[in-house]
Amino acid sequence: MANPVTIEELSEAMYRMVKEATGVKKLKPTDLTKAMMEHFGPERCSKEACKEALRRLMDSGRCVYTYYGGSFVELPPEEGTEI
Amino acid sequence: MGDENKPSQTPKLDELEKGPWPSFVREIKRAATKSPMARDLLGVLELSYEEKVGHWKHGGIVGVRGYGGGVIGRYSDVPEKFPNVAHFHTLRVNQPAGWFYRTEALRAICDLWERHGSGLTNLHGSTGDIILLGTRTEELESTFADLTKAGFDLGGSGSDVRTPSCCVGPARCEWACYDTLNFTYDITMHFQDELHRPAFPYKFKFKASGCPNDCVAAIARADLSIIGTWRDEIQIDQAALKEYTENGIDIQADVCERCPSQCMSWNGKELRIADEWCVKCMHCINAMPKALRPGQERGAVILIGSKAPIVQGAMLSSVLVPFMKMEPPYTELKELVGKILDLWSEEGKSRERVGEFIQRVGLGNFLEAIGLEPKPEMVAHPRENPYVFYEEYFEEEPEAASETEG
């Protein structure tokens, strides 16, 4: 069985994806999970690992949840940003 | 000259103070004597009444660290006129099961909200949470810290599991067919991650009613309704029935003839119930509570798919599991919910509730995906159900016919 991807690697990959999508597309948590499972493959990456990675991103403050009719994952706003 | 001769700043709102009934305007005005936020709230509201336009922007980037729910961002679009309500965020606080509080707990909530917010509350919101109305972004983390110190946590908002709610259940009601309070506490703890970190296409609500009277209206409001029921016979006390007749109840007219499935008969001395036809409407039990009680083999019916009209129209729940024993640790229900959430998260469209998802993919496909067998109770109306297709029977028919012929 292939080595499972670490939570740190997953968090980093998710963070990069959110950063690249900033200003282009709002990503939902399921978009990130699906993308990670596709990128790393289901044998290396589980839904539970994605959940934990996302949780770490949020707890660290590197990403935040936003709400625009639905919930999205985004980078925290810079001070003074208009909503 | 006294203030009474000055023209009112809020003539339209003042109309809503007239009459003997409680008035939200009166309450906001009382709060306004101490709270600048409440004062400006009156101003925004009066402006809205004058212009017939709402002055709030909703959503955005507010919350407490790590959580994706519990804070609803609200901003005024006229901050220059009413700077004290430029931010007016709502906090949803997870209520205790059945809404039981010590007065001390309520005082703690009120005190902290006067320190951190407008001092205005709404007990309770339609999902069931304690609603704290109006605070600024920079107050959120400290409010959350004080709330947790007082033993409370934020509830759900956004695309997550919303704060589960239930009726008062066995704490105050003799009809509870399972312990709604324990169940609600248990699932609230079990689904903490799903409650605080939105990961679904849209919101998902649990509501638990102890009996078919359905005092929390789960059947109309919850994505997953857990409604207490029984599967044996209604318990009858014939002697107590006699007392009802002596006290003027016409059992034939008031009870038997109002039974929707006509499963009862009364010969003037004895009541007979054909329980296999009973649809658990509770009418007879509500009419004669001393004489009739739910059966002894109790549990819950699990229904899925109701919602209020937001993106699309309102929907009522449909039966998913006709009877489930409801005993801790509720493993059967949790496993079923896990499968539903997995499937809907994977295949649901953005802002599609689980009921709408089932309509789109078909109940047959949904049941197959979550591993449930179709049952007659899932059919809403005989010969009218659009969801269950018995394709395999049609395919097997020619073979079965040839075997008979052979």
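Letters go in sequence order (proteins before strands), and every chain restarts at 1. Computed from a prediction, not measured in an experiment: that's the story for all the values here.
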Qualifying residue for side chain to side chain contact (heavy atoms under 4.5 Å, CB included) with A:L54, from A:D59, A:L32, A:L10: A:L32
Chain B contact via A:S60 - side chain, backbone, both or neither, heavy atoms under 4.5 Å: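 Contact with chain B is through the backbone of A:S60 alone.
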Output field: ring centroids [X]/[Y] closer than 6.0 Å:
{"X": "B:Y202", "Y": "B:F204", "answer": "no"}
{"X": "B:Y330", "Y": "B:H190", "answer": "no"}
{"X": "B:Y75", "Y": "B:H89", "answer": "yes"}
{"X": "B:F200", "Y": "B:W344", "answer": "yes"}

Does anything in residues 128-157 of chain B reach chain A? List residues with heavy atoms under 4.5 Å apart, or say none.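 Interface residues of residues 128-157 of chain B: none, nothing closer than 4.5 Å to chain A.
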Side chain / backbone / both / neither for B:D193 at chain A, heavy atoms under 4.5 Å: side chain
Both conditions, 6.0 Å and 45 degrees, for the charged tip of B:R74 above the ring of B:F88: are they met here?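 Verdict for B:F88: no cation-pi partner in B:R74.
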Ignoring hydrogens and angles, tell me if any N or O in the side chain of B:K81 forms a donor-acceptor pair with the backbone of B:G43 under 3.5 Å.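 Here the side-chain-to-backbone pair does not exist.
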Residue, of A:G61, A:G70, A:C63, that accumulates the most heavy atom pairs under 4.5 Å with chain B: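 Max contact count across the listed options: A:G61.
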Check: B:K207/B:S225 side-chain N/O donor and acceptor closer than 3.5 Å: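 Absent: no donor and acceptor within the cut-off.
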Select, from B:G73, B:P198, B:S350, the one with the greatest count of heavy-atom pairs under 4.5 Å involving chain A.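 Top count of heavy-atom pairs under 4.5 Å with chain A: B:P198.
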Contact leader toward chain A among B:V71, B:V62, B:I72, B:D342, where contacts are heavy-atom pairs under 4.5 Å: B:D342
